[in-house]
S.K.: 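Just passing along the structure, written as structure tokens.
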Protein chains: 2
Amino acid sequence: MPTIKDVAKKAGVSISTASYALNHLPNVHPETRKRVFLAAEELNYYPNGSAKNLKKRKTGNIGVFIYGFSGPIFSDVLEGIRHKLQENNYNIIVSSGKSSTNLLQERQVDGAVIFDAEITDLDLSAYASHGVPIIVLDRKLEGPNIYSSVIENDKLVYQFVNQMIKKGYHDFAYVSGPLDAFNNNQRYEGFKKALKDKNITNHQYYQGDFTIQSGYEAGLEIIKRKDRPKFVFCANDESAIGLIQALNEANINIPDEIALSGFDNIYLGQYIKPKLTTIGINHILWGEKVAEAMINIVSGHTVEKIEKPVGEIYERETC
Amino acid sequence: MPTIKDVAKKAGVSISTASYALNHLPNVHPETRKRVFLAAEELNYYPNGSAKNLKKRKTGNIGVFIYGFSGPIFSDVLEGIRHKLQENNYNIIVSSGKSSTNLLQERQVDGAVIFDAEITDLDLSAYASHGVPIIVLDRKLEGPNIYSSVIENDKLVYQFVNQMIKKGYHDFAYVSGPLDAFNNNQRYEGFKKALKDKNITNHQYYQGDFTIQSGYEAGLEIIKRKDRPKFVFCANDESAIGLIQALNEANINIPDEIALSGFDNIYLGQYIKPKLTTIGINHILWGEKVAEAMINIVSGHTVEKIEKPVGEIYERETC
DNA sequence: TTGTAAGCGTTATCAG
DNA sequence: CTGATAACGCTTACAA
């Protein structure tokens with residue numbers, strides 16, 4: 001593996017001149033620069049990242065640390081982040097599990113976007129206070145060098161449920177996500193508030209965990225009941241899809257007998273039968289906004305607030 | 001940000017002793033070690049990755065460079081890789097786009113797994129010959145320091161189609177993936193060979209691109225025809241799902257009027273109606289095998305062949 | 001058991 | 001415009 005020393009020698013210049021030339025600094029004779037580039041080309045030289053980063057005290061890498069690699073909404077957010085970072089010559093590094101912590105602690109990233117509830121608030125605060133700025137997604141956390149960006153889950157659900165009540169629905173059920181999921185809880189708050197404001201005093205509740213399977217199981221329970229709800233709000237699209245499957249199998253008409261909706265607007269929702277009514281935000285755009293904020297932060301600009309992604313209701317065939 | 005120097009000073013030892021202690025080398029007095037760890041703890045010290053990597057000439061990072069962050073099979077492969085790497089104290093770094101090339105060139109990874117057709121053979125060969133071992137997935141590439149791991153697409157499809165012929169199907173159609181997709185081409189080869197070996201001389205062909213949408217469009221065309229095929233083999237599950245949707249909307253019974261199948265065994269296939277017959281390999285396991293091979297490679301062991309992931313037929317309701 | 005010092009491959013300061 | 005040279009923060013002979 002050639003180093004800058006080899007390049008310099010081949011070009012017949014000093015190491016520092018080689019460095020200047022390769023980094024496009026102005027103070028280099030065009031002729032010299034050409035020789036250096038030629039040498040680099042011939043040797044197939046690329047700078048060693050570790051050395052460069054050590055010296056410059058920054059890596060140009062932004063870490064995105066997520067809980068797992070699956071999940072349809074992750075991919076869109078990641079794509080948005082990637083796009084914006086690439087536009088600004090930053091590298092995106094996505095990781096998960098123990099690697100996340102390692103990369104963060106060893107400062108192999110200049111900043112970190114956290115989409116992983118497994119990393120504790122305490123740890124995040126520690127990393128942030130030691131110099132790596134952090135943006136947490138879908139989670140509330142304050143502190144020096146820490147920023148957070150959350151969807152307005154509660155507000156969106158509130159609006160939507162309100163709309164459904166106006167449409168004539170009264171008997172609601174909620175299929176929940178995991179109890180420790182921030183976004184599930186916010187969605188549930190919005191749901192309850194909407195009912196309360198219209199004096200609807202009770203509703204059914206089914207515990208799920210955001211998976212298709214759990215929605216399916218909730219469906220099975222609903223089918224068994226005498227007092228079936230007229231409208232089931234599912235905390236995310238996956239559970240709604242599971243629910244649809246259960247109702248389909250039992251030949252219960254959607255939306256006539258039971259109407260329902262999800263949250264997230266995943267790609268698939270348009271391709272099932274009936275097409276899923278849902279609430280969605282533009283995740284790619286969200287990713288872009290987050291990346292934009294991160295770029296500002298790591299380049300020393302002050303960032304007050306990260307622009308909130310706006311949501312939208314997609315009324316399709318399930319209600 | 002504290003450095004090892006600060007830790008050493010605080011513990012009242014030399015830098016090297018601090019280093020020895022922190023790295024669990026045996027030649028340190030227990031008492032001294034304790035003091036060093038205490039100091040590190042109090043200062044909240046973590047070693048600087050760039051410095052460490054520079055000195056050790058390895059990073060402990062394995063890069064996984066993919067085309068995009070979406071795709072249901074990616075996530076499983078990634079999960080398998082992550083799991084195995086973590087078990088062996090390597091970090092996983094997933095990236096995409098320009099970042100991939102940067103990280104590779106600057107040697108911020110000790111090895112790279114490539115799942116991205118956009119990076120050319122030529123470039124890969126160059127990186128590999130410059131010291132970073134490379135494993136390409138679902139792609140054929142040879143050279144020093146380059147390894148490849150491919151599914152037996154052709155063989156699996158051959159077996160499956162054969163089975164369908166035995167079941168009595170004669171009029172086949174193929175819904176293709178992108179023409180430049182290695183796995184699509186392999187699958188098509190297997191498909192054609194199975195027909196040929198049974199003296200079935202022709203079949204219909206629909207060009208698609210692995211998306212639900214393209215499968216849906218193929219379905220629309222099929223519906224229009226007088227001579228509809230009896231069995232449609234879709235190059236992947238997504239296109240099969242699109243096809244199912246089109247047939248469902250046209251009230252064409254699956255599998256009685258038209259049978260079909262996909263490839264990949266994505267999660268969703270079990271949750272649509274009718275449940276999708278497909279061919280799948282265990283992607284998590286595949287990821288694990290690949291990671292295992294990579295670990296062997298970067299730790300200097302010779303690796304002859306990467307274990308081939310075995311496939312399985314999931315016969316469900318669409319045929 | 002501990003300390004000194006060289007060096008990993010860069011960048012950047014300072015003289016020339 | 002170019003070249004010595006001192007860091008960056010760590011590991012690791014080698015010496016003590």
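Lettering of chains follows the sequences in order, A, B, ..., and the numbering in each one begins at 1.
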S.K.: So, is A/T3 near the phosphate of C/dG9, with a side-chain N or O under 4.0 Å from OP1 or OP2?
M.R.: no
S.K.: Report the distance from atom CD of A/Q105 to atom P of D/dG9, rounded to the nearest whole Å.
M.R.: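 So the CD-P distance, A/Q105 to D/dG9, works out to 18 Å.
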S.K.: Are any non-hydrogen side-chain atoms of A/V298 and A/Y90 less than 4.5 angstrom apart?
M.R.: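 Of all side-chain heavy-atom pairs linking A/Y90 with A/V298, at least one is under 4.5 Å.
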S.K.: Rounded to the nearest angstrom, tell me the gap between atom NE2 in A/H130 and atom P in D/dG9.
M.R.: 14 Å
S.K.: With a 4.0 Å heavy-atom cut-off, tell me which residues in residues 29-37 of chain A come close to DNA chain D, sorted by residue number.
M.R.: A/H29, A/T32
S.K.: Here's a test of your reading of the structure: between A/P26 and B/M1, which maps to the more 5' nucleotide of DNA chain D?
M.R.: A/P26
S.K.: For a side chain to side chain donor-acceptor pair (under 3.5 Å) check, start with the C-alpha distance between B/T17 and B/S14, then their side-chain angles and the critical distance, and finish with the verdict.
M.R.: CA-CA 5 Å; B/T17 301; B/S14 74; 3.1 Å; yes
S.K.: Heavy atoms under 4.0 Å, any strand shown: does B/N27 hit a base, just sugar-phosphate, or nothing?
M.R.: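 Answer is base: heavy atoms of B/N27 come under 4.0 Å of a base.
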S.K.: Is the shortest side-chain heavy-atom distance between A/T59 and A/D110 below 4.5 Å?
M.R.: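 Result yes, sub-4.5 Å side-chain heavy-atom pair found.
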S.K.: Check whether any side-chain N or O of B/R57 sits under 4.0 Å from OP1 or OP2 of C/dG9, and answer yes or no.
M.R.: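 For B/R57, the contact criterion (side-chain N or O under 4.0 Å from OP1 or OP2 of C/dG9) is met.
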S.K.: Reading DNA chain C from 5' onward, which residue's closest nucleotide shows up sooner: B/V28 or A/L54?
M.R.: B/V28
S.K.: In whole angstrom, what separates A/K58's NZ from D/dC8's P?
M.R.: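 Result: 18 Å.
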S.K.: Taking the six-membered ring for Trp, are A/H24 and A/F37 parallel (under 30°), tilted (30 to 60°) or perpendicular (over 60°)?
M.R.: tilted
S.K.: Less than 4.0 angstrom from a charged side-chain N to a carboxylate O is my criterion; do B/E288 and B/K84 meet it?
M.R.: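 No.
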S.K.: Check for a donor-acceptor pair, side chain of B/S100 on one end and backbone N or O of B/F65 on the other, with a separation under 3.5 Å.
M.R.: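 Not a single qualifying donor-acceptor pair exists.
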S.K.: Between B/Q105 (side chain only) and A/Y46 (backbone N and O only), is there a donor and an acceptor less than 3.5 Å apart?
M.R.: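 Absent.
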S.K.: Between D/dC8 atom C1' and B/D6 atom CG, what is the distance in whole Å?
M.R.: 14 Å
S.K.: Do side-chain atoms of B/N61 reach the backbone of B/V109 as a donor and acceptor pair under 3.5 angstrom?
M.R.: no
S.K.: May I have the distance from B/K5 (atom NZ) to C/dT4 (atom C1'), rounded to whole angstrom?
M.R.: 14 Å
S.K.: Can you build the contact string for nucleotides 11-16 of chain C? Use B for base contact, S for sugar-phosphate-only contact, and - for no protein heavy atom under 4.0 Å.
M.R.: BBBB--
S.K.: With a 4.5 Å cut-off on side-chain heavy atoms, are B/V13 and B/T32 touching?
M.R.: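 Yes, their side chains come closer than 4.5 Å.
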